[in-house]
2 protein chains.
Amino acid sequence: MSKSRRTRATIQSAALDLFLEEGYNATTVERISVAAGVSHMTFFRYFRSKDGVLLDDPYDPAIGAAVEEQPGEMVPLERACRGILSAWSDVAEEDLGDVRKRMSIAVGHPQLRARMWENNLATQHVIAEALRTTGVARLEAEVAAGACMGALLVALIDWATAGEGGIGERIQLAMSQLIPDSDVSGRVTRGIAQELP
Amino acid sequence: MSKSRRTRATIQSAALDLFLEEGYNATTVERISVAAGVSHMTFFRYFRSKDGVLLDDPYDPAIGAAVEEQPGEMVPLERACRGILSAWSDVAEEDLGDVRKRMSIAVGHPQLRARMWENNLATQHVIAEALRTTGVARLEAEVAAGACMGALLVALIDWATAGEGGIGERIQLAMSQLIPDSDVSGRVTRGIAQELP
DNA sequence: AACAGAGTTGTTAGTGACTAACATATTGGC
DNA sequence: GCCAATATGTTAGTCACTAACAACTCTGTT
């Protein structure tokens with residue numbers, strides 16, 4: 001039970017190293033497998049695909065819960081935005097090194113960016129479901145969720161690309177554009193952001 | 001010069017037929033090529049990839065122009081939304097049969113959905129560039145564009161999935177959620193939509 | 001009609017992602 | 001130490017996609 005976790009971690013870390021050293025395309029699955037001391041079959045038993053080793057995240061239900069916690073009087077778009085803000089404010093900025101490293105590899109490759117979005121689709125649906133608990137129609141909920149995720153992805157990609165700045169401020173900037181009349185500050189990444197346009 | 005266009009069309013239509021008859025995954029490039037009377041090399045000379053034959057659209061600068069036409073006093077998000085609305089109101093509902101057919105194939109396959117989004121990235125950047133002409137910062141512009149495209153994609157996918165209803169109403173519904181205080185009706189798909197929530 | 005050169009297509013042989021089937025280790029509980 | 005589950009390897013294959021080069025087919029010119 002625990003060996004499998006170890007193997008998985010070994011493969012993933014070997015993959016990350018190789019991607020950074022030699023580039024994503026130049027790194028074959030075979031090479032990763034050898035570096036990790038396994039066969040390519042083992043690789044595919046742990047990861048659905050080559051890009052999966054870089055981008056597949058374990059599903060996290062936190063965002064859905066965070067959206068549901070937002071007051072129901074808010075318009076769906078605002079609920080979704082504030083939910084996202086609240087969820088991201090709970091992750092410590094230090095734990096994000098790995099996420100950032102992986103995203104910075106992905107942004108340079110269109111296929112990987114696309115794959116990133118595919119992953120976020122799941123999150124989008126979770127958000128939409130959370131919105132529907134207050135009686136919002138399906139399409140409306142999906143639209144609100146889709147807009148938020150579109151904006152969020154831009155913020156995340158910008159953060160991964162640029163060498164400087166925190167993620168909290170970017171998300172705050174993004175979300176505040178979708179609910180411009182509201183005061184959004186003070187809720188995210190404790191201590192970082194105060195005032196925004 | 002014109003033979004190549006004919007060949008291209010032949011391949012694409014053969015591909016569409018086969019995708020519909022036997023499914024996307026079950027249809028090999030080899031099979032498409034044979035059906036079109038060419039070799040697989042010719043296929044790849046006309047289309048970058050198997051999914052390209054389904055999803056690669058010729059670049060259309062109309063949306064960028066439509067966004068730039070929107071009054072500069074509007075907040076970026078509203079400019080983008082109205083630009084999108086205006087651009088889509090110019091395409092006749094009858095010309096959309098093919099788009100819909102292709103999208104309805106794509107929605108069933110995660111990889112193809114992702115590829116669709118990849119295509120839309122180009123549009124997103126065009127919109128962002130258009131927004132920047134009034135002095136909006138890069139990140140702000142990208143966020144606004146990203147949010148709109150996120151919402152738009154949901155509308156398009158819903159339209160392609162559902163058997164009924166027009167595309168105009170859906171886009172209007174989507175965009176009006178991003179600029180809820182404004183009157184958005186009467187601008188899109190002449191004659192279809194009047195009042196919306 | 002014959003020709004030249006540009007544009008288009010085919011052949012072949014290869015790489016790399018990914019899968020199925022089956023054989024073999026390895027592990028953890030008894 | 002033994003047994004059943006779990007983890008891994010081998011092999012052989014399919015399919016998307018590419019490089020290199022050969023062959024073909026138009027078009028206009030003489």
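Both backbone and side-chain heavy atoms feed into the values below; hydrogens, waters and symmetry mates do not. In what follows, every chain begins at residue 1, and chains take the letters A, B, ... in the order their sequences are listed.
- With hydrogens and angles ignored, no donor-acceptor pair closer than 3.5 Å exists between the side chain of A:Arg31 and the base of C:dG16.
- B:Thr27 comes within 4.0 angstrom of sugar-phosphate atoms only, judged by non-hydrogen atoms across all strands, and of no base.
- For the pair B:Leu55 and B:Leu112, the tightest heavy-atom approach, listed with the atom from each and the gap, is CD1-O, 3.4 Å.
- Of the candidates A:Leu156, A:Asp158, A:Ile157, A:Ile157 is the only one forming a side-chain contact (heavy atoms from CB on, under 4.5 Å) with A:Val107.
- Judged by distance alone, with hydrogens and angles left aside, A:Arg45 brings a side-chain donor or acceptor within reach of the base of D:dG9, the pair sitting under 3.5 Å.
- Atom CZ of B:Phe47 and atom P of D:dT18 are 14 Å apart (whole Å).
- When heavy atoms are screened at a 4.0 angstrom cut-off, A:Ser39 is found touching base atoms of the nucleic acid.
- In this entry the distance linking CZ of A:Phe44 with P of D:dT8 reads 15 Å, nearest Å.
- We find that CD1 of B:Ile32 is positioned 13 Å from C1' of D:dC17, with the value rounded to whole Å.
- From B:Thr10, atom OG1 reaches atom CZ of B:Arg6 across 7.5 Å, with rounding to the nearest 0.5 Å.
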Between the protein and nucleotides 12-14 of chain D, list every N/O to N/O distance that falls short of 3.5 Å.
none

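- With A:Tyr24 as the aromatic partner, A:Lys50 meets the cation-pi criteria of under 6.0 angstrom to the ring centre and within 45 degrees of the ring axis.
- Proximity note for A:Met41 (side chain, C-beta onward) versus D:dT10, C:dT9, C:dA17: the nearest is D:dT10.
- Atom CD1 in B:Ile11 sits roughly 8 Å away from atom P in C:dT9 (whole-Å rounding).
- With a 6.0 Å radius and a threshold of 12 heavy atoms from other residues, nucleotides or ligands, B:Arg100 has its CZ atom above the threshold.
- Rounded to whole Å, atom P of C:dT8 lies 18 Å from atom CZ of B:Phe43.
- B:Asn120 is linked by a side chain to side chain donor-acceptor pair (under 3.5 Å) to nothing, counting only residues two or more places apart in sequence or in another chain.
- In the set D:dA7, C:dT19, C:dT9, C:dT9 carries the atom at the smallest distance from any side-chain atom of B:Thr7.
- Residues A:Thr134 and A:Gly72 share a closest heavy-atom pair of CG2-CA, 4.1 Å.
- The distance between atom CG of A:Asn25 and atom C1' of D:dA16, rounded to the nearest whole Å, is 14 Å.
- To the nearest angstrom, P of C:dT19 lies 10 Å from CZ of A:Arg48.
- One finds no side-chain N or O of A:Tyr46 lying less than 4.0 angstrom from the OP1 or OP2 phosphate oxygen of D:dA7.
- Looking at heavy-atom distances under 4.0 Å, A:Gly37 makes contact with sugar-phosphate atoms alone, never a base.
- Put simply, CZ on A:Arg5 is 14 Å from C1' on D:dT6, counting in whole angstrom units.
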